[in-house]
There are 2 protein chains.
Amino acid sequence: MVRQSGKLSFIGLGLYDENGITLAGLDRIRSADVVFAEFYTSKLSEGALERLSAMTNKEIMALGREEVEDGTRILEEAKEKNVALLVAGDPMTATTHIDLRLRAHKESIDTEVIHGSSALTAVPGLLGLQHYKFGRTTTLPFPQEGYSPTSPYDMIMENLDRGLHTLVLLDIDAENSRYMSANEGFHLLQEMERRMGKGAAKDDSIVCVVARAGSPDCVVAAGPLSKLIAMDFGGPLHSIVIPGRLHFMEEESLGQWTNGKDG
Amino acid sequence: MVRQSGKLSFIGLGLYDENGITLAGLDRIRSADVVFAEFYTSKLSEGALERLSAMTNKEIMALGREEVEDGTRILEEAKEKNVALLVAGDPMTATTHIDLRLRAHKESIDTEVIHGSSALTAVPGLLGLQHYKFGRTTTLPFPQEGYSPTSPYDMIMENLDRGLHTLVLLDIDAENSRYMSANEGFHLLQEMERRMGKGAAKDDSIVCVVARAGSPDCVVAAGPLSKLIAMDFGGPLHSIVIPGRLHFMEEESLGQWTNGKDG
């Protein structure tokens, strides 16, 4: 196949707002011919895209879920132009972007990845929990009529049985501006506890919340589920961690956040 | 206790060189009174610190392992001044920094964390493997006289038994400028395979390498251990992934890297 002359750069915007982008990312936006952005797999704060656009003097076109998943427009442009696709967090954590990169390579379009910081790494660290003590990550989906999977509960239980922590990501429905709060997440876990009864999410289970990781008003909290479920963590994004066996230093770390201090 | 007037900012430098820092990080260096850096838990490319110093017009003092672990000098300065501690990757992935933050809080010193991109998130994504299919992360330590643990092998086996991928971080001995290569890592795994014989690292096991994640000459490779162990991946840092059960798209993704293409 003929090597195309364009390029597709996946650029991670990191956490929270326009200041989470790296110098490398900023440089790639400035040298791009076309700049797209997608925010249905994550979220940046209000106005961040506009400020990024002003900062780089580039028009940034926000794409919806369908256009990113379909990918045709992005790939067509990238055959002959330098195209940047901006993504909150690290760009290669979402299946959609892995798929898009694969398709670009099949069409002989060069790609590059400019990494960004991600909740996957930031959230455990903010709590002071050790990354190598985490088992599988899971996501709590918004409940749907006739569909209430308990797989996140099972995953937490499987990790707990082995003494491991679980990072619980909370569902994002960006097209309807719905971002699951930690409180909603705890309610869902309580409901699963009622159905499964294995003890992963009891009232006195120690649980953790990180709200707005990477922002100046990041909140970190740890304590019994019955206490945290009633706390107000403010705006999105929230994440939950269910800790397993705690090392001494991890226990001390969580002790810092019993009143939901600033992270 | 009296709230101190200083502050300690942990600033992630992200991957590879000075361009992995975020705008938020750059801003904090510029407003800091004292700037320290530590590179024994990770590594940036040659000259990155000097270029960062020139860019921000700040003197950056590189600290050795002992001074960071001891922490006294950093905490003393942070009682009255704005102190920035620069760390490659995301600053809260190393136990030393979690510990230092805890000690700062005990002395009523405010802290903040400016996140950076990390191999923990970047490496799985570059390979096109899905983060929620990873089990526990492990680290291969440099062999020492009379100490040859097989715990990394056991961890890989435990993940494989459950169909999960394993991110295998490779040891860093920065004070002696030793960074374990993927090839050394594979030799260690082969030796463990000879002792344990459970099949986690056979000659025909599919394994993956990411070299210099986040750099312009990042290399990504996937294939049988017997092939990758003989390949030259260039300079540090390297990481290994041992994949478990592959989804269709993951299999396709790994197929892109059979000749060690640029990531």
Side-chain angles (χ1 to χ4, degrees), chain A residues 12 14-27 55 89-93 95 97-99 101-102 105 110 112-118 120-122 124-126 128-139 158 162 164 169 213-214 216 218 249-250 252-253 256 261-263, chain B residues 12 14-27 55 89-93 95 97-99 101-102 105 110 112-118 120-122 124-126 128-139 158 162 164 169 213-214 216 218 249-250 252-253 256 261-263:
Chain A
L15 300 162
Y16 195 65
D17 69 9
E18 72 278 10
N19 295 310
I21 195 169
T22 63
L23 297 183
L26 206 62
D27 178 67
M55 209 185 278
D90 188 84
M92 288 295 128
T93 56
T95 314
H97 308 135
I98 294 175
D99 179 48
R101 191 175 186 212
L102 192 54
H105 289 171
D110 271 339
E112 72 172 342
V113 180
I114 309 289
H115 296 282
S117 53
S118 163
L120 293 172
T121 300
L126 282 169
L129 297 175
Q130 289 162 7
H131 63 85
Y132 60 86
K133 291 190 63 201
F134 277 75
R136 286 178 79 174
T137 297
T138 188
T139 298
E158 193 180 317
R162 299 161 65 236
L164 304 178
L169 302 174
C218 168
M249 200 204 293
E250 292 183 312
E252 261 205 303
S253 284
Q256 300 171 98
K261 287 181 199 166
D262 299 346
Chain B
L15 300 162
Y16 195 64
D17 69 9
E18 72 278 11
N19 295 309
I21 195 171
T22 63
L23 297 184
L26 206 62
D27 179 66
M55 208 184 276
D90 188 85
M92 287 295 127
T93 57
T95 313
H97 309 135
I98 294 176
D99 178 48
R101 191 175 187 212
L102 192 55
H105 289 171
D110 270 340
E112 72 172 339
V113 180
I114 309 290
H115 296 282
S117 53
S118 163
L120 293 172
T121 300
L126 282 169
L129 297 175
Q130 290 162 7
H131 63 85
Y132 61 86
K133 292 189 63 201
F134 277 75
R136 286 178 79 174
T137 297
T138 187
T139 298
E158 193 180 318
R162 299 159 67 234
L164 304 179
L169 302 174
C218 167
M249 199 202 294
E250 292 182 313
E252 261 205 301
S253 284
Q256 301 171 95
K261 288 181 198 166
D262 300 344

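Just so it is clear, the structure is predicted and the values come from calculations on it, not from any experiment. To find a chain, count down the sequence lines: A is the first, B the second, and so on, and within it residues start at 1.
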**Student:** Would you compute the distance between atom CG of B:Leu120 and atom CG of A:Leu120 and round it to the nearest 0.5 angstrom?
**Tutor:** 9.5 Å
**Student:** Heavy atoms only, distances under 4.5 angstrom: which of B:Gly116, B:Gly135, B:Pro124 has the most pairs with chain A? Name it, please.
**Tutor:** B:Gly116
**Student:** If I measure from the heavy atoms of chain B, does A:Tyr132 come under 4.5 Å with its side chain, its backbone, both, or neither?
**Tutor:** both
**Student:** Select one option (side chain, backbone, both, neither) describing which atoms of A:Ser118 are under 4.5 Å from chain B's heavy atoms.
**Tutor:** side chain
**Student:** With chain B, which of A:Leu102, A:Leu169, A:Thr93, A:Ile98 has the greatest number of heavy-atom pairs at distances under 4.5 Å?
**Tutor:** A:Leu102
**Student:** Based on non-hydrogen pairs under 4.5 Å, which of A:Ile21, A:Asp27, A:Leu26 is most in contact with chain B?
**Tutor:** A:Ile21
**Student:** Need one label for A:Ile114: side chain, backbone, both or neither, based on atoms under 4.5 Å from any heavy atom in chain B.
**Tutor:** neither
**Student:** Tell me which of these, A:Ser117, A:Gly89, A:Gly125, has more heavy-atom pairs under 4.5 Å with chain B than the rest.
**Tutor:** A:Ser117
**Student:** First locate atom CG of B:Leu15, then atom OG1 of A:Thr22, and finally report the distance between them rounded to the nearest 0.5 Å.
**Tutor:** 9.5 Å
**Student:** When rounded to the nearest 0.5 angstrom, what is the spacing between SG in B:Cys218 and NE2 in A:His115?
**Tutor:** 6.0 Å
**Student:** Can you tell which of B:Leu164, B:Asp90, B:Asn19, B:Thr139 has the highest number of heavy-atom pairs within less than 4.5 Å of chain A?
**Tutor:** B:Asn19
**Student:** Quick one: pull up NE2 in B:His131 and CZ in A:Arg136 and give me the separation to the nearest 0.5 Å.
**Tutor:** 11.0 Å
**Student:** Which heavy atom of B:Met92 sits nearest to which heavy atom of A:Leu126, and what is that distance?
**Tutor:** CB-N, 4.3 Å
**Student:** Please report the closest heavy-atom contact between A:Arg101 and B:Gln256, naming both atoms and the distance.
**Tutor:** O-OE1, 4.2 Å
**Student:** Heavy-atom distance under 4.5 Å to chain A: side chain of B:Glu18, backbone, both or neither?
**Tutor:** backbone
**Student:** Below 4.5 Å from any heavy atom of chain A, which atoms of B:Asp99 appear? Answer side chain, backbone, both or neither.
**Tutor:** both
**Student:** Find the one option among B:Arg162, B:His97, B:Lys133 whose heavy-atom pairs under 4.5 Å with chain A are most numerous.
**Tutor:** B:Arg162
**Student:** Can you tell me if A:Thr121 and B:Thr121 form a side-chain donor-acceptor pair at under 3.5 Å?
**Tutor:** yes
**Student:** If you round to the nearest 0.5 Å, how far is CG of B:Leu129 from OG1 of A:Thr95?
**Tutor:** 11.0 Å
